[in-house]
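It should be emphasised that the depicted structure is a prediction, and the values quoted were computed from it without experimental measurement.
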Amino acid sequence: MGTWGTGISSNDVYEDINYEFFELYNQGMEVSKITERLISENQELIESDEDQNNFWLSIAKAQWECKALEPKIYARIKEIVESGKDIELWRELDASKADLNKRKNVLDKFLNKISTEKKSARKIQKKKYRNSIFEKGDCLIFKLMDGDYCGVFVLESEKETKLGLNLIVVTDIKKPEKPTKKEFEKANVLFYKAQNIENDENPIISWYYEQDYKKCEIEFEIVDNLKTNKFFSPNKDFRSFSSWNNIKTFQDAYYSSQFKLKSNKRIKLNRLRKKYWL
């Protein structure tokens with residue numbers, strides 16, 4: 001039993017059941033159906049002397065939050081609290097006298113709380129899914145402070161995800177005229193030196209959030225789109241996340257005479273578009 005406190009929710013069983021309950025609730029499933037499903041899927045917990053109380057406490061609290069506490073669930077909680085069997089379990093697990101007193105107080109307050117019907121049911125929280133701003137393979141340009149155009153490339157674009165991320169790599173394209181598709185095909189990935197770490201050079205590649213784009217002050221222009229067949233995931237590739245405005249801020253700094261972290265390392269952008277690594 002993963003327990004870290006005397007509170008009703010201070011254990012793994014409660015947290016896991018509570019999470020599963022409201023995942024289904026937010027999908028529109030009826031409370032009675034959710035309860036039936038969780039009971040059916042968690043017989044091992046229900047039959048465990050150590051875990052069963054926390055299971056029922058979690059179910060009761062979730063039902064109460066939804067203003068749908070079933071009488072049989074309430075009766076089960078009442079029996080758990082008034083019989084003292086939960087306290088006896090804690091005593092068998094060598095809980096201190098202070099913790100036993102705290103746990104009893106918590107249970108009494110919990111029973112008292114759910115004995116009064118909640119004024120309003122918890123609102124269903126619909127998940128919002130986002131699409132990234134740019135498409136995978138987009139060749140983007142924007143103007144630097146000195147008037148030149150900088151070229152960046154979209155390595156990945158998420159669809160219908162929680163964050164709607166774009167993975168963007170900065171190329172070595174910098175010129176007074178607008179770059180072409182062919183120049184993106186021949187471009188290199190720009191690197192910089194890590195500060196205070198010798199021989200550590202990193203590509204300028206980061207993930208960017210869809211919801212942050214409204215704050216972006218950069219005027220991007222899509223030059224063209226290049227086929228990119230390598231898949232990138234924010235969970236394992238280029239674990240760097242940044243804000244959109246940083247793309248220009250960093251590049252303006254990179255090309256200034258004061259910037260001390262320039263790197264001569266380069267790799268072809270095309271290598272990141274194919275199904276093999278650097």
Side-chain angles (χ1 to χ4, degrees), residues 15-16 19-20 22-29 123-144 149-173 178-181 183-192 194 201-252 254 266-278:
E15 291 291 344
D16 289 346
Y19 175 80
E20 291 176 27
F22 286 109
E23 278 287 294
L24 297 171
Y25 182 72
N26 288 332
Q27 293 172 23
M29 186 179 289
K123 292 182 179 179
I124 292 177
Q125 300 175 1
K126 293 184 178 180
K127 288 185 177 181
K128 183 176 181 180
Y129 294 100
R130 303 174 186 272
N131 292 326
S132 58
I133 300 298
F134 297 106
E135 296 297 323
K136 187 185 184 88
D138 277 350
C139 304
L140 309 177
I141 61 172
F142 62 90
K143 275 195 172 185
L144 295 169
Y149 288 96
C150 177
V152 299
F153 185 77
V154 181
L155 287 173
E156 193 58 79
S157 59
E158 292 190 330
K159 302 298 180 186
E160 294 294 308
T161 64
K162 185 177 180 180
L163 299 176
L165 294 167
N166 268 136
L167 179 62
I168 295 180
V169 53
V170 177
T171 75
D172 61 352
I173 293 175
K178 290 184 180 181
T180 64
K181 178 180 180 179
E183 288 175 300
F184 272 92
E185 290 175 335
K186 297 178 180 180
N188 295 301
V189 176
L190 209 59
F191 279 70
Y192 73 98
E201 298 174 291
N202 303 293
I204 307 175
I205 304 177
S206 292
W207 294 92
Y208 297 86
Y209 300 88
E210 181 273 342
Q211 61 264 41
D212 287 345
Y213 189 73
K214 59 181 176 291
K215 302 175 185 176
C216 181
E217 298 174 355
I218 306 172
E219 294 184 10
F220 289 105
E221 180 181 340
I222 302 174
V223 173
D224 213 305
N225 186 281
L226 298 177
K227 184 177 179 181
T228 303
N229 56 23
K230 182 173 174 62
F231 173 77
F232 297 93
S233 167
N235 296 320
K236 63 183 181 67
D237 299 311
F238 305 111
R239 300 285 292 159
S240 171
F241 297 81
S242 188
S243 64
W244 291 94
N245 287 323
N246 283 346
I247 297 177
K248 182 177 184 302
T249 300
F250 187 87
Q251 289 313 102
D252 281 332
Y254 188 93
R266 297 286 189 275
I267 63 166
K268 289 292 183 182
L269 174 61
N270 282 348
R271 295 185 64 185
L272 294 183
R273 294 170 48 213
K274 307 285 176 75
K275 289 187 177 179
Y276 51 80
W277 182 224
L278 303 180

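- The 12-atom threshold is not exceeded at OH of Tyr19, counting heavy atoms of other residues, nucleotides or ligands nearer than 6.0 Å.
- Using a distance-only test at 3.5 Å, with no hydrogens or angles considered, no donor-acceptor pair links the side chain of Asp172 to the main chain of Ala187.
- Minimum interatomic distance between Ser233 and Trp207 (heavy atoms only, all atoms of both residues): C-CZ2, 3.4 Å.
- Other residues, nucleotides and ligands contribute only 12 or fewer heavy atoms inside 6.0 Å of the NZ atom of Lys123.
- Going from atom CG of Asn202 over to atom CZ of Phe238 covers 10.5 Å, rounded to the nearest 0.5 Å.
- Checked by atom type and distance alone, the side chain of Arg239 pairs as donor or acceptor with a backbone atom of Pro234 at under 3.5 Å.
- Thr228 places a side-chain N or O within 3.5 Å of a backbone atom of Leu226 that can act as its donor or acceptor partner.
- Taking all atoms of both residues into account, the shortest heavy-atom contact from Ser132 to Leu165 is CB-O, 3.4 Å.
- In summary, the side chains of Ser206 and Ser240 do present a donor paired with an acceptor at a separation below 3.5 Å, with no hydrogens or angles considered.
- Residues Asn26 and Gln125 approach most closely at OD1-N, 2.9 Å, considering heavy atoms.
- Nearest heavy atom pair, residue Phe184 against residue Gly151, reads CZ-CA, 3.8 Å.
- The shortest heavy-atom contact between Tyr129 and Lys162 is CD2-N, 4.3 Å.
- In this structure, the side chain of Trp244 does not engage the main chain of Glu210 through any donor-acceptor pair within 3.5 Å.
- Inter-residue side-chain proximity for Asp237 and Glu156 is flagged as unmet; no heavy-atom pair is nearer than 4.5 Å.
- Atom OH of Tyr209 and atom SG of Cys216 lie 15.5 Å apart (nearest 0.5 Å).
- To the nearest 0.5 Å, the span separating CE on Met29 from CD1 on Ile124 amounts to 11.5 Å.
- Between Phe134 and Phe220, the distance separating the two ring centers is shorter than 6.0 angstrom.
- Side-chain N or O atoms of Arg273 include one that pairs as donor or acceptor with a backbone N or O of Lys227 at under 3.5 Å.
- The number of heavy-atom neighbours closer than 6.0 Å to CD of Glu219, taken from other residues, nucleotides and ligands shown, is 12 or below.
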Side chain to side chain contact (heavy atoms under 4.5 Å, CB included) evaluation trace for Leu269 with Asn188
CA-CA 5 Å; Leu269 174 61; Asn188 295 301; over 6 Å; no
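- A side-chain donor from one of Asn246 and Ser243 sits under 3.5 Å from a side-chain acceptor of the other.
- Remark: side-chain polar atoms of Asn131 are not paired, donor with acceptor, to backbone N or O of Lys159 under 3.5 angstrom.
- The shortest distance between side-chain heavy atoms of Val169 and Val152 does not fall below 4.5 Å.
- Residues Tyr192 and Phe250 place their aromatic rings such that the two centres sit under 6.0 Å apart.
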Verdict with reasoning, Asn225 to Lys181, per side chain to side chain contact (heavy atoms under 4.5 Å, CB included):
CA-CA 8 Å; Asn225 186 281; Lys181 178 180 180 179; over 6 Å; no
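- Remark: the backbone N or O of Asp138 is not paired with any side-chain donor or acceptor of Asp224 at under 3.5 angstrom.
- Remark: Lys230 NZ to Lys136 NZ distance equals 9.0 Å, nearest 0.5 Å.
- If you take NZ on Lys128 and CD on Glu160, they are separated by 11.5 Å, rounding to the nearest 0.5 Å.
- Taking CG of Leu140 as the reference point, atom CD1 of Ile168 lies at 6.0 Å (rounded to 0.5 Å).
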One pair to check against side chain to side chain contact (heavy atoms under 4.5 Å, CB included): Val189 and Thr171. What are the steps and the verdict?
CA-CA 4 Å; Val189 176; Thr171 75; over 6 Å; no
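- Looking at every heavy atom in both residues, Lys268 comes nearest to Lys186 through NZ-O, 3.3 Å.
- The local environment of NZ in Lys126 is sparse, with at most 12 non-hydrogen atoms from other residues, nucleotides or ligands closer than 6.0 Å.
- Using modelled atom types, no side-chain atom of Asn166 and backbone atom of Tyr208 make a donor-acceptor pair closer than 3.5 Å.
- The pair Glu221-Lys178 meets the salt-bridge criterion, since a charged nitrogen lies less than 4.0 angstrom from a carboxylate oxygen.
- The closest donor-acceptor contact from the side chain of Glu183 to the backbone of Thr180 lies under 3.5 Å.
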